Amino acid sequence: QVQLVESGGGSVQAGGSLRLSCVASGYIGGTNCMGWFRQAPGKEREGVATVYAVGGYTYYADSVKGRFTISQDNAKNTYLQLNSLKPEDTAMYYCAAARTSKEWCLSGTGSQFGYWGQGTQVTVSS
């Protein structure tokens, strides 16, 4: 089992920045892919960014490319830097972990992720 705890969400004005953190515990050696997903009210869950542990390959949704950055400083801590925030970025952001192929990890698809955190809310006002 892997436990994930997110933090760092909040309310900011458009153009502002936030840094989300995800701390993993438990059997993290069984995972090789970390991701950030988001879901706004009335909308489907969206894969925001993922990172494949071997080689550090990353995936970004088109809507966040150039503004968000996923990073890790070790196997336990994964971050999502959110810059130039827009009102449409408002959502609950979830950290997720998986053991999957590089191709699936970099597809941004949530179905491969078996471990999820509780989420942290990001609200961007115009």
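These figures come from a predicted structure and were not determined experimentally.
- Between T120 atom OG1 and M92 atom CE the span is 7.5 Å, to the nearest 0.5 Å.
- Aromatic rings of F37 and W116 (six-membered ring for Trp) have centroids within the 6.0 Å cut-off, being under it.
- Neither side chain, S111 nor T109, offers a donor N or O lying under 3.5 Å from an acceptor on the other.
- Screening residues 58-76 for salt bridge (charged side-chain N to carboxylate O under 4.0 Å, His left out) gives D62-K65, R67-D89 as the qualifying pairs, with residues at least two apart or on separate chains.
- Shown here is Q118, whose CD atom has no more than 12 heavy atoms of other residues, nucleotides or ligands within 6.0 Å.
- In the model, T78 has a side-chain atom that pairs as donor or acceptor with a side-chain atom of Q72 under 3.5 Å.
- Residues E88 and T90 have side chains not in contact (no heavy-atom distance under 4.5 Å, counting atoms from C-beta outward).
- Considering every non-hydrogen atom in both G117 and Y94, the closest pair reads O-CD2, 3.6 Å.
- Here the CE atom belonging to M34 is positioned 3.5 Å from the SG atom belonging to C95, to the nearest 0.5 angstrom.
- Follow the hydrophobic side-chain contacts under 4.5 Å out from V48 and you reach V51 in the same cluster.
- Identified under the salt bridge (charged side-chain N to carboxylate O under 4.0 Å, His left out) test for residues 114-126, with sequence neighbours left out: none.
- Cation-pi geometry between R19 and Y79 is met: the NZ or CZ atom falls under 6.0 Å from the ring centre, inside 45° of the normal.
- A donor-acceptor pair shorter than 3.5 Å can be found between the side chains of N83 and Q81.
- Listed by first and then second residue, the salt bridge (charged side-chain N to carboxylate O under 4.0 Å, His left out) pairs that reach into residues 96-120 come to none, sequence neighbours excluded.
- For an aromatic pair to be called close, the ring centres must be under 6.0 Å apart, and Y52 with Y59 fails this.
- Side-chain N or O atoms of E6 include one that pairs as donor or acceptor with a backbone N or O of G119 at under 3.5 Å.
- Closest non-hydrogen pair, L80 versus L82, comes out as O-CD1, 3.0 Å.
- S63 and E46 share a donor-acceptor pair across their side chains, judged by distance under 3.5 Å alone.
- When atom types are taken as modelled, the side chain of T50 and the backbone of C105 share a donor-acceptor pair closer than 3.5 angstrom.
- Here the straight-line distance linking atom CG of L20 with atom CZ of F68 works out to 8.0 Å at 0.5 Å rounding.
- The hydrophobic clustering, which links ILVMFWY residues whose side-chain heavy atoms are closer than 4.5 Å, places V64 and W36 together.
- When every heavy atom of G47 is checked against every heavy atom of A61, the shortest pair comes out as O-CB, 3.3 Å.
- Interatomic distance, N32 CG to W104 CH2, rounded to the nearest 0.5 Å: 14.0 Å.
- The minimum heavy-atom distance linking S126 with A14 is given by the pair CA-CB, 4.3 Å.
- Minimum interatomic distance between S17 and S84 (heavy atoms only, all atoms of both residues): OG-N, 4.3 Å.
- With contacts defined as side-chain heavy-atom distances shorter than 4.5 Å, the pair V122/R38 does not qualify.
- Residue A75 comes nearest to A24 through the heavy atom pair O-CB, 4.5 Å, listed as atom of the first residue, atom of the second, then distance.
- Note: Y93 OH to S7 OG = 15.0 Å, rounded to the nearest 0.5 Å.
- Remark: I28 CD1 to Q3 CD distance equals 10.5 Å, nearest 0.5 Å.
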